[in-house]
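Input: a single structure, listed below in structure tokens.
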Amino acid sequence: MTAVIDTDSPTGTEVKRDFRLIDSTLRDGSHAISHQYTEDQVVAVVKGLDAAGVQVIEVTHGDGLGGSSFNYGFSKVDEMKLVEAAVNATTNADIAVLLVPGIGTVDELRRVRDLGVNVVRIAVHCTEADITEQHIKIAKELGMEAIGFLMMSHMNTPQGLLQQAKLLEGYGADTVYIADSAGAMTTNEVRARVAEIVGGIDVPLGVHAHQNLSLAVANSIAAYEEGARNLDGTSAGLGAGAGNCPTEILAAVCEKNGIVSGVNPLMLMDLAEEVTRPLMPRQQVVDRAGLLLGYAGVYGSFLLHAERAAERYGVPQAEILLELGRRKVVGGQEDMIIDVAVELARKHAEAEGRTA
Ligand SMILES: CC[C@H](O)CC(=O)C(=O)O
Ligand SMILES: [Mn+2]
């Protein structure tokens, strides 16, 4: 096992870590609070994560830079202000952003780099690594760490993902990530993908897990066992769908398994309880809708959009989610949620002999 040595520890002493923990409470968590983070909340979360030894903290709209829009939902506070607040609040942790080509722009990347951000995750659907080349190269020119992030990884085979990972590596990605965006993968499916990819690339691999099948922690540990050396979490699991891998639980389970995360589980538990849970409009649970995402393989951030469409068009949210799964809709196709809801409403009306 290769230890990751972090010399930027809060105490100035060398911390040997078995993997790098990236926390996405302030990016993926944004989906779960409809992108309503305030600067004070960002500062409180950053301070807690930083003090607990988390190495990288991701901050942006849930859909990444430039995500604040009619399609994805408007942020309460301009993300540049949130990023700046995060950079000012951190002592040791790096601040990262996520950028989806086509949503975020290179201009925005330059702006956050100038604010002090030094890590960018460039996120694309798991068959579309070829559209990251320009963004990865520009991130490298800007002196940033570039992480290629393959979303909805359950929709590609282990061999297919390896080909995509090789493309990312070839463009200059420093790290490759696979995201179980729908929380749809079993532990064996994660193991197979990680084993295949780590055997075929020379840069580190990371795994971003969601909780829709209640497997986020188990899948993250399995990913580590197969060779992933970056794992994602969010405080109290705050995130899209039924939530992400809870950072504090991951840290606790790692300790029990003798895996050195380099972060303090007790401080992360305090953060989750005292800072993150109080700001959550609802706690992350695997209820029917959350579970359906994992069961049907639907992108986690569709959850609240589907809930609103269900209310607006008077059709069950479960039907919308199942139909989105059947159609294999992917991230970026949020407009399809409305299409599906309207179609279902029409079908119900026809079946009941009324007009929709
Ligand atoms: C485009 C943002 C998206 O939510 C990325 C992510 O966290 C995932 O695919 O799970
Ligand atoms: Mn996610």
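Quantities reported herein were computed from a predicted structural model and do not represent experimental measurements. In each ligand, atom 1 is the first atom listed, and ligand 1 is the first ligand listed.
Without hydrogens or angle criteria, Asp18 side chain to Ser261 main chain gives no donor-acceptor distance under 3.5 Å. Within the 3.5 Å criterion, the main-chain N or O of Val340 finds no donor-acceptor partner in the side chain of Glu323.
Between the CD1 atom in Ile259 and the OH atom in Tyr224 there is a gap of 5.5 Å [rounded to 0.5 Å]. One distance of note links CD of Gln41 with CG of Leu279; it measures 4.5 Å at 0.5 Å rounding.
A side chain to side chain contact (heavy atoms under 4.5 Å, CB included) with Val112 is found for exactly one of Leu99, Val120, Ile95, Leu65, namely Leu65. Among Val45, Asp50, Val43, the one residue that satisfies the side chain to side chain contact (heavy atoms under 4.5 Å, CB included) test with Lys47 is Val43.
Among protein heavy atoms, atom 10 (O) of ligand 1 sits closest to His208 NE2, 3.1 Å. Ranking protein heavy atoms by distance to atom 5 (C) of ligand 1, first place goes to Arg27 NH1, 3.5 Å. For atom 3 (C) of ligand 1, the nearest protein heavy atom (residue, atom name, distance) is Tyr299 OH, 2.8 Å.
Taking every heavy atom of His31 and a limit of under 4.0 angstrom, the matching atoms of ligand 1 come to 4 (O). Contact atoms of ligand 1 toward His210: 10 (O) (distance under 4.0 Å to a heavy atom of the residue). Residue contact check: Gly62 has heavy atoms under 4.0 Å from atoms 2 (C), 4 (O) of ligand 1. Residue Met151 has at least one heavy-atom neighbour below 4.0 Å for each of these atoms of ligand 1: 1 (C), 3 (C), 5 (C), 9 (O). Remark: ligand 1 atoms within the under-4.0 Å shell around heavy atoms of Val100 are 1 (C).
Residue-level check: among N/O/S atoms of Asp28, OD2 sits closest to the Mn ion (ligand 2).
Taking the six-membered ring where the residue is Trp, His61 and His35 present parallel rings, their angle staying beneath 30° rather than reaching 60°.
The shortest side-chain heavy-atom distance between Val198 and Glu226 does not fall under the 4.5 Å cut-off.
For a distance bound of 2.8 Å, the N, O or S atoms of His31 include none lying that close to the Mn ion (ligand 2).
Here's the thing with Asp63: none of its N/O atoms is less than 3.5 angstrom from an N/O atom of ligand 1.
Selection from Gly300, Gly104, Ser181 by nearest heavy atom to atom 9 (O) of ligand 1 gives Ser181.
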